[in-house]
Amino acid sequence: METTSIAHAEAPVEVHHHEPQSFWTKYVFSQDHKVIAMQYMITALVMGFIGMVMSWIFRIQLAWPEHNLPFLRFLMPTNMESGTLQTPGYYMLVTMHGTIMIFFLLTAILTGGFGNFLIPLQVGARDMAFPFLNMLSYWFYFLSCVVITASLFVTTGAASAGWTSYPPLSAIAKATPGSGLGQDLWLISIALFIVASTMGSLNYVTTALNMRAKGMTLMRMPLTVWGIIVAAMLGLFAFPALFAGAVLLLLDRHLGTSFFLPYLVVGGEHIVRNDGSPLLWQHLFWFLGHPEVYILILPAMGITSEILSNGARKPIFGYKVMVGSIAAIGFLSFIVWGHHMFVSGMNPWLGFAFVITTLIIAIPSAIKTFNWLGTLWKGNIRFTTPMLFAIGFISTFVTGGLTGLFLGNSALDIPLHDTYFVVAHFHVVMGLSSVFGIFGGIYYWFPKMTGRMMNELWGKVHFWLTFVGSYGVFWTMHYLGFMGMPRRYYSYESYQFLPPDMHVLQVIITVSALIVGAAQFIFIVNFIGSWLRGKKAPDNPWQATTLEWQAPTPPPHGNWGPTLPVVHRWPYDYSVPGASADFVPQTVPVEVEPTGEHHRVAVAVNGHAHGHPHTNGSGNGHHS
């Protein structure tokens, strides 16, 4: 492994492709990992905006049932008669919102966006291992976005069987208005997305393992790279299950097979099938579905670790343990999917096994949380916008993790499963945490991507509105769940078991959601305005140590000029005793500046560990 990376580092420069000259090869069908990263990022943000608008529409319905909004009938003419959202339209919006946000925003931007941009720069490579395959991965992703967006304009409606698309709703064309062509397009778009993800994941893993610069051992890679490559490995093993499920479901829908369909009677019509099982789809879906949680969380964890260490001016606490926790979370994520199916009638002993594995996966997650807190402890914290989002990630991850303990226990999950408690938990631990990691990463690496600085004041306004508004949405949802309010209901007015004051909480949730949405317009204006006219960024504005900050800003084609960098130390040499500054880049030889790589010690419990003035007594990074 190491021989390969060293040999690559000393290879002649001529092996790299010449810089593209035409507009089409430079910006459209580019094979440069940085351009592809920005294509992924911008496309994903556009898809996220579409998904966010969908949530506004159905949240307005829940807060003010059957309220007339005439301008909305132009967005959904078949489901918004006279501006009032109809029941089929509500289920369509909920389905498409979940699908777009999970796959086409979060997965795409965290692996396709940050993975493409950071891996070659942070390991010292000129580009991805397979540039042409990298280009194909984006265009398959773009095609999947086109297909899923086109399904919104189908006359019978887009898919409306939920983002999980459980049969028989998704398997029978007459089940719901959206079970026709809209459901076909949903399945095709997911299959295309999985093809794109597979090509990208192969690239990320191969590049990180085989194209590292001289001196960049595995245990010198930043935690961002570790998070992304483990997430890529999860995708390589888990996504094929959903791909197979999508193909089999299309066969059930159009060729009369019975993979997921038993004998059914729909609207008086007998649908004769032989021994198909809807539960088979659930197993295939959730075999991907739970690793998918960590496909999102692990890159966000890596981004957060990077920002926290830089913002606290301290080495990351327990680097090797953090790497081990990432690997442990990746492994355990494959043996916990059954906790999504406690109400499916599974054998209680099988349910008990999934309870145990679900609770075990909390251990490496807790280790990471304590290590983040250890990194912050007695640090000289710089409350920049990226740092605020990183701290916000810890808050939402811990909050969502604690509520996950309820749902990981089958005895508690069964009464809570179909309530708003699950909606709240899912959004906080998976959605919000990933979003905070994304925003932190964008603010942190925006200077390297564009050569411009984002506005700090508006970045902090964006953070506080998003942070407070998000808790207004999902903290309230937890209360609704405990009070028994079921999820997936178009209207709650006719149910006697719900107290009338529950409606007030729905209004609070919707108003908070609209505030969060308004905050994203601040981000959009800041993002575009800073890119066009922002303050010019220096090469290393955050005084960071990792390799990408030693490249020109923004990095040129090939990243490094005539020679590749040589790595001499680990990525978190902050506040090293005896160093001339409180950060030492990875490219600085140990003969020039001391390193804490081989002499890292934890902060002593009694507070007497040796330290450096920059860390207020922290022993991290101590060098003897």
Side-chain angles (χ1 to χ4, degrees), residues 1-2 5 110-111 114-115 118-125 201 204-213 215-237 291 293-310 312 314-334 360-376 390 393-394 397 401 433 437 441 544-548 567-574 586 595-603 620-621:
M1 184 75 69
E2 194 61 35
S5 63
L110 283 164
T111 55
F114 288 106
L118 292 177
I119 289 177
L121 286 169
Q122 289 198 329
V123 303
S201 296
Y204 310 145
V205 175
T206 304
T207 303
L209 295 183
N210 292 326
M211 299 187 68
R212 289 170 282 123
M216 178 63 77
T217 62
L218 288 175
M219 296 311 291
R220 284 180 172 176
M221 292 197 307
L223 291 171
T224 311
V225 177
W226 276 110
I228 294 171
I229 63 171
V230 172
M233 291 177 182
L234 297 186
L236 288 173
F237 287 109
V293 172
Y294 296 103
I295 289 172
L296 305 184
I297 287 295
L298 289 176
M301 285 178 169
I303 291 169
T304 298
S305 300
E306 204 74 34
I307 297 171
L308 285 175
S309 182
N310 177 269
K314 285 180 58 182
I316 197 73
F317 188 94
Y319 171 81
K320 290 183 178 180
V321 177
M322 293 287 266
V323 173
S325 297
I326 290 173
I329 289 171
F331 170 75
L332 290 170
S333 70
F334 282 104
I360 289 175
I361 204 172
I363 296 174
S365 300
I367 289 173
K368 295 188 73 65
T369 301
F370 287 125
N371 282 14
W372 289 323
L373 296 178
T375 303
L376 291 173
F393 172 92
I394 298 175
F397 182 72
S433 297
T545 59
T546 46
L547 214 54
E548 75 274 19
V567 176
H568 298 276
R569 60 186 69 233
W570 75 314
Y572 301 109
D573 262 342
Y574 290 102
Q586 286 187 281
T595 179
E597 181 174 5
H598 302 298
H599 301 281
R600 299 191 295 272
V601 295
V603 179
N620 279 359

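Put simply, the side chain of Ser201 never gets that close to the backbone of Met233: no donor and acceptor are under 3.5 Å apart. Panel note: side chain Ser309, backbone Ser305; no donor-acceptor pair is recorded below 3.5 Å. Looking at Thr375, its side chain does come within 3.5 Å of a backbone N or O of Phe317 through a donor-acceptor pair.
Counting heavy-atom neighbours within 6.0 Å of Phe237 CZ, excluding the residue itself, gives a total of 12 or less.
The nearest pair of heavy atoms linking Thr304 to Ala390 is CG2-O, 3.7 Å. What you find for Gly437 and Phe393 is that their closest heavy atoms are N-CD1, 4.2 Å. In terms of heavy-atom proximity, Leu332 sits nearest to Pro364 at CD1-CG, 4.2 Å. Residue Val323 comes nearest to Met219 through the heavy atom pair CG2-CE, 4.2 Å, listed as atom of the first residue, atom of the second, then distance. Between Thr546 and Gln122, the closest heavy-atom pair is OG1-NE2, 4.2 Å. The minimum heavy-atom distance between Val123 and Leu547, with the atom names listed, is C-CD2, 3.8 Å.
The structure places OG1 of Thr595 at 3.5 Å from CG of Asp573, a figure rounded to the nearest 0.5 Å. Taking CD1 from Ile297 and OH from Tyr294, the interatomic distance works out to 8.0 Å, rounded to the nearest 0.5 Å. Summarising the geometry, atom CD1 belonging to Ile360 is positioned 12.5 Å from atom OG belonging to Ser365; distances are rounded to the nearest 0.5 Å. Residue Thr369 holds its OG1 atom at 5.0 Å from CH2 of Trp372, rounded to the nearest 0.5 Å. Note: Met211 CE to Thr206 OG1 = 9.5 Å, rounded to the nearest 0.5 Å. Atoms CD1 and CD1, on Ile329 and Ile361 in that order, are 6.5 Å from each other to the nearest 0.5 Å.
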Please output the side-chain donor-acceptor pairs of residues 221-232 that fall under 3.5 Å, not counting sequence neighbours, one pair per line with the distance.
from	atom 1	to	atom 2	distance (Å)
Thr224	OG1	Gly302	O	3.3
Thr224	OG1	Glu306	OE1	3.0
Trp226	NE1	Leu218	O	3.2
Trp226	NE1	Tyr319	OH	3.3

Stepwise side chain to side chain contact (heavy atoms under 4.5 Å, CB included) test for Ile316 and Asn371: CA-CA 8 Å; Ile316 197 73; Asn371 282 14; over 6 Å; no
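Ring geometry for Tyr572 versus Trp570: interplanar angle over 60°, hence perpendicular rather than tilted (30 to 60°).
Using a 4.5 Å heavy-atom cutoff, the side chains of Met301 and Met322 are not in contact.
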